[in-house]
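If you're wondering where the values come from, they're calculated on a predicted model, not measured in any experiment.
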Amino acid sequence: MDKLFIFSLVVVVVLTEVNCSSSGLKRVTNAQVLGFKWKNCGKPDAPAVLKSLTVSPDPISIPGDLTASASGSTSVELSAPLSLNVTLEKEVAGFWVKVPCVEEIGSCHYKDACDVLNQLIPPGQDCPEPLHTYGLPCHCPFKAGSYSLPQSDFYLPYMDLPYWLTNGNYRVQGVLASEGKELGCLEVALSLHSN
């Protein structure tokens, strides 16, 4: 499985268990994610490639149940440091506007995605479900090979999001690199509607 996707999936799984309490966050009690789309945005010969990703239902309710499956591969071992550049854009009056990095949310550069994973899931701790059940890694290094997450069910709990991130159309691009060489790129588009 594309390591960028693994990183994203691990972050989502862990964040669904974290209750943020910063003053700039809004409790999302009823939200829907509509029109979830993804695509690889790297070069055709990129080492890390997501081959499939399905999520349902559409719309996805928060809180609510989500079913997902994915597969991908990497032709190289991915080890620290792995830089991750995330670009988040929001559609405003028909134009795509880059959202700045605020409190590690938005268009952020992470010097080492491996360190981020270690902060979310301390080394020595089991990977969260369903990664653990299927033997999928959640810490660096990630060995070269193919990875697959069979259809799995997740529960998305109430979430706290920045007030500016609770309604609208969004595009997110993540570029994973090592020593200045791009390893993979993933783009996601979705609409988020909440009350």
Side-chain angles (χ1 to χ4, degrees), residues 1-16 18 20 22-44 46-62 64 66 68 70 72 81-113 115-117 119-120 154 156 158-178 180-195:
M1 188 182 320
D2 181 290
K3 299 312 176 212
L4 180 59
F5 175 72
I6 289 178
F7 175 75
S8 301
L9 181 62
V10 168
V11 169
V12 167
V13 169
V14 171
L15 288 180
T16 59
V18 174
C20 302
S22 299
S23 61
L25 300 180
K26 175 184 174 186
R27 171 63 44 125
V28 176
T29 57
N30 250 339
Q32 290 190 323
V33 174
L34 300 111
F36 179 91
K37 298 176 188 173
W38 69 274
K39 69 178 181 177
N40 289 300
C41 48
K43 298 175 184 173
V49 178
L50 185 63
K51 294 180 179 177
S52 70
L53 172 61
T54 59
V55 295
S56 64
D58 187 7
I60 299 165
S61 294
I62 303 172
L66 167 72
L82 289 175
S83 69
L84 178 62
N85 280 312
V86 176
T87 303
L88 173 64
E89 296 176 311
K90 182 176 183 176
E91 187 177 21
V92 179
F95 296 96
W96 289 100
V97 178
K98 185 176 177 180
V99 176
C101 185
V102 178
E103 296 182 12
E104 299 297 315
I105 298 174
S107 298
C108 302
H109 172 75
Y110 303 93
K111 290 181 181 179
D112 189 2
D115 283 343
V116 174
L117 289 174
Q119 290 172 19
L120 295 172
F154 298 87
L156 300 175
Y158 295 104
M159 293 184 188
D160 293 328
L161 294 174
Y163 69 91
W164 46 264
L165 192 63
T166 53
N167 283 295
N169 298 325
Y170 295 93
R171 294 191 305 205
V172 183
Q173 181 185 73
V175 179
L176 190 66
S178 179
K181 180 182 177 190
E182 184 176 310
L183 301 173
C185 178
L186 185 65
E187 225 172 72
V188 172
L190 57 87
S191 294
L192 179 62
H193 299 281
S194 65
N195 55 6

- Sub-4.5 Å side-chain heavy-atom contact between Val102 and Pro162: no
- Note on the structure: All heavy atoms of Leu53 vs all of Trp38, minimum pair found to be O-NE1, 3.0 Å
- Okay, side chain of Asn40, backbone of Leu186: is any donor-acceptor separation there less than 3.5 Å? no
- Query: Can you tell me if Tyr110 uses its side chain to pair, donor with acceptor, with the backbone of Glu104 under 3.5 Å?
  - Reply: yes
- Query: If you round to the nearest 0.5 Å, how far is CG of Leu176 from OG of Ser83?
  - Reply: 6.5 Å
- Item | Contact summary for Val188 and Leu190, nearest pair of heavy atoms | CG1-CD2, 4.1 Å
- Query: Looking only at atom types and distance, does a side-chain atom of Ser107 sit under 3.5 Å from a main-chain N or O of Val99, one as donor and one as acceptor?
  - Reply: yes
- Can you check whether Trp96 reaches Asn169 side chain to side chain, under 4.5 Å on heavy atoms? yes
- Note on the structure: Rounding to 0.5 Å, atoms CG (Leu66) and CD1 (Ile60) come to a distance of 5.0 Å
- With distance as the sole test, does Asp58 use its side chain to make a donor-acceptor pair with the main-chain N or O of Gly35 at under 3.5 Å? yes
- Query: Can you tell me how far OG1 of Thr54 sits from CZ of Phe36, rounded to the nearest 0.5 angstrom?
  - Reply: 9.5 Å
- Note on the structure: Closest heavy-atom pair, Cys41 versus Gln173, reported as atoms and distance to 0.1 Å, is SG-NE2, 3.6 Å
- Note on the structure: Output for pair (Glu187 CD, Leu50 CG), nearest 0.5 Å, gives 13.0 Å
- Cys185 versus Val175, closest heavy-atom pair with distance: SG-CG2, 3.8 Å
- Hits for side-chain hydrogen bond (donor to acceptor under 3.5 Å, both in side chains) against Ser61, two or more places apart or cross-chain, chain-then-number order -> none
- Item | Heavy-atom closest contact (Leu183 atom, Ser178 atom, distance) | CD1-CB, 3.7 Å
- Task: Could you tell me which non-hydrogen atom of Asn167 sits nearest to which non-hydrogen atom of Ser194, and how far apart they are?
- Result: OD1-N, 2.7 Å
- Message: Can you tell me how far apart CD1 (Ile105) and CG (Leu88) are? Round to the nearest 0.5 Å.
- Response: 9.5 Å
- Query: Just by distance, do the side chain of Asn85 and the backbone of His109 share a donor-acceptor pair under 3.5 Å?
  - Reply: no
- Item | Any residue meeting side-chain hydrogen bond (donor to acceptor under 3.5 Å, both in side chains) with Gln32, in chain and number order, not counting sequence neighbours | none
